[in-house]
Number of protein chains: 2
Amino acid sequence: MARFKGQAAYSVDAKGRVAIPAKMRSALTPEAQGTFTLTKGFEKCIYAYPQDGWKVKEDEYSELNVNNRKARHLVRMILMWAEEVSLDGQGRISLPRSLSDYAGIGDRALIIGAMDRIEIWDPEAFEDYLQEQTTDQETLAEEVMGS
Amino acid sequence: MARFKGQAAYSVDAKGRVAIPAKMRSALTPEAQGTFTLTKGFEKCIYAYPQDGWKVKEDEYSELNVNNRKARHLVRMILMWAEEVSLDGQGRISLPRSLSDYAGIGDRALIIGAMDRIEIWDPEAFEDYLQEQTTDQETLAEEVMGS
DNA sequence: GGAAAACTCCCCACTTTTCCCCACTTTCCT
DNA sequence: AGGAAAGTGGGGAAAAGTGGGGAGTTTTCC
């Protein structure tokens, strides 16, 4: 499965298209077939899962019981924002309006590699996000990983 | 089996027809033969199962114990609203009056992909539904899917 | 029983959106 | 410095969405 890292800012053209950095494109496995599933991020950004990685998530959701009210709601909330997009001949994807609105993306986008997914941020929204984070990296690492 | 995702609003014409999004149409397996079974949703919406998926549901219901009063009632309630519809040449289905009345659908419909089924909502009814949901997505995910 | 109304299922026609392709500019690498 | 790869922009064909006409069937109601 692909692992993404790095970050770069790209322009979003009038048609809502953004280039995916060449480095990340080459990290894609053939199984992903140049296709991503975009969803709302937990933060104010768009998550882009390569097709093969998304498949795994989807399998988890498909096993939830439809007869459970909360499970139905969860599946609805997640899947309704999910949208499949493919790379065009120039290595770009086009961002659905609903998602770019949610993430507040205008004519620039910050693309961040985050392990099994790529995150697409509005540059200012990402700045704001950073400001909100008070804990320094060292402390964070200890809290999360130091047992 | 087809897996549906995404969401889009479509108009319902004077004849009660709605387009099924092209993305969802292409997710249909050949076995579904462009046919859906519509039923009352558990929420105030219409559920549309592709023919092959509906078959599975039907099998589940048929295995319920006929000697159980509640089971008999459940099956009755579900089947009495079930209606089979097919895509026309333009990729639309027509909504039976009884079901669109139940869902409160007027001249616009919100189509949501929810795994093995498609949901058809009145846009305002869906807004209301969202208002009623209090739990945020992260909490919900934890409750439903475990740690 | 028969006419009128309603509904279904074909069409066809028009508008809008999407996506595919080509071309130009910029950056990177040797 | 020069060539290749990466990034950016736009035009045009094809597909998707929308609306309506009209034949054939069913339902309704007098």
Side-chain angles (χ1 to χ4, degrees), chain A residues 2 4-28 33-38 46 48 51 82-101 105-113 118 120-123, chain B residues 2 4-28 33-38 46 48 51 81-102 105-113 118 120-123:
Chain A
F4 303 103
K5 51 174 171 283
Q7 52 94 9
Y10 284 84
S11 60
V12 180
D13 68 23
K15 296 183 181 178
R17 298 175 298 190
V18 230
I20 298 298
K23 294 245 176 77
M24 298 187 195
R25 289 204 306 264
S26 58
L28 282 174
Q33 294 186 275
T35 302
F36 292 88
T37 295
L38 307 181
I46 301 172
Q51 195 176 46
E83 196 91 35
E84 210 171 285
V85 295
S86 292
L87 291 167
D88 68 11
Q90 281 72 246
R92 294 171 293 194
I93 57 172
S94 62
L95 304 177
R97 274 301 282 282
S98 52
L99 287 174
S100 59
D101 283 353
I105 293 173
D107 62 354
R108 299 290 295 170
L110 185 63
I111 315 265
I112 301 176
I118 291 172
I120 306 171
W121 292 75
D122 173 67
Chain B
F4 303 104
K5 54 171 168 280
Q7 80 31 261
Y10 285 84
S11 59
V12 180
D13 67 22
K15 297 182 182 180
R17 298 175 300 188
V18 229
I20 298 298
K23 293 243 175 82
M24 297 187 195
R25 290 204 305 265
S26 58
L28 283 174
Q33 295 187 276
T35 302
F36 292 89
T37 296
L38 307 182
I46 301 173
Q51 196 174 46
W81 297 103
E83 193 99 29
E84 209 172 287
V85 295
S86 292
L87 291 167
D88 70 11
Q90 280 72 247
R92 294 171 292 195
I93 57 171
S94 61
L95 304 177
R97 274 302 282 281
S98 53
L99 287 173
S100 60
D101 282 354
Y102 165 72
I105 293 173
D107 62 353
R108 298 289 295 169
L110 185 63
I111 315 262
I112 299 177
I118 290 173
I120 306 171
W121 292 74
D122 173 68

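Between the S26(B) side chain and the M24(B) main chain, no donor and acceptor come within less than 3.5 Å of each other.
In this structure, F36(A) CZ and L28(A) CG are separated by 4.0 Å, a value rounded to the nearest 0.5 Å. For the atom pair L99(A) CG and I46(A) CD1, the distance stands at 5.0 Å (nearest 0.5 Å). Between the CD atom in E84(A) and the NZ atom in K5(B) there is a gap of 4.5 Å [rounded to 0.5 Å].
Rounding to whole angstrom units, CD of residue E83(B) and P of dC7(C) are separated by 13 Å. Computed from coordinates, the R17(B) CZ to dC7(C) C1' distance equals 12 Å when rounded to whole Å. Distance CG (L87(A)) to P (dC21(C)): 14 Å, rounded to an integer number of Å.
Applying the salt bridge (charged side-chain N to carboxylate O under 4.0 Å, His left out) test to K23(A) and every residue at least two apart in sequence or in another chain returns nothing. Every residue two or more places apart in sequence or in another chain that forms a salt bridge (charged side-chain N to carboxylate O under 4.0 Å, His left out) with R17(B) is listed here: D13(B).
On the nucleic acid side, DNA chain D contacts chain A at distances under 4.0 Å to non-hydrogen atoms, with the end points of that region at dA6(D) to dG12(D).
Of all heavy-atom pairs between Y10(A) and I111(A), the closest is CD1-CG1, 3.8 Å. Listed here is the closest heavy atom pair of R25(B) and G91(B): NH1-O, 3.5 Å. I93(A) approaches S86(A) most closely through the heavy-atom pair CG2-O, 3.9 Å. Among all heavy-atom pairs drawn from L38(B) and S94(B), the shortest one is CD1-O, 4.5 Å. The shortest non-hydrogen separation linking I118(A) to F4(A) is CG1-CG, 3.6 Å.
Backbone-only engagement by I20(B) is indicated by non-hydrogen atom pairs under 4.0 Å involving sugar-phosphate atoms exclusively.
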Strictly under 3.5 Å: I want the nitrogen or oxygen pairs between protein and nucleotides 24-29 of chain C, one per line.
none

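Between P96(B) and W81(B) the shortest side-chain heavy-atom distance does not fall below 4.5 Å. Side-chain contact between L110(B) and Q7(B) is present, with heavy atoms from C-beta onward closer than 4.5 Å.
Taking every heavy atom of residues 90-100 of chain B and every atom of DNA chain C, pairs under 4.0 Å involve Q90(B), R92(B), by number.
When the local axes at the two ends of the helix from dG1(C)-dC30(D) to dT30(C)-dA1(D) are compared, using 5 base pairs at each end, they differ in direction by 30° after rounding to 10°.
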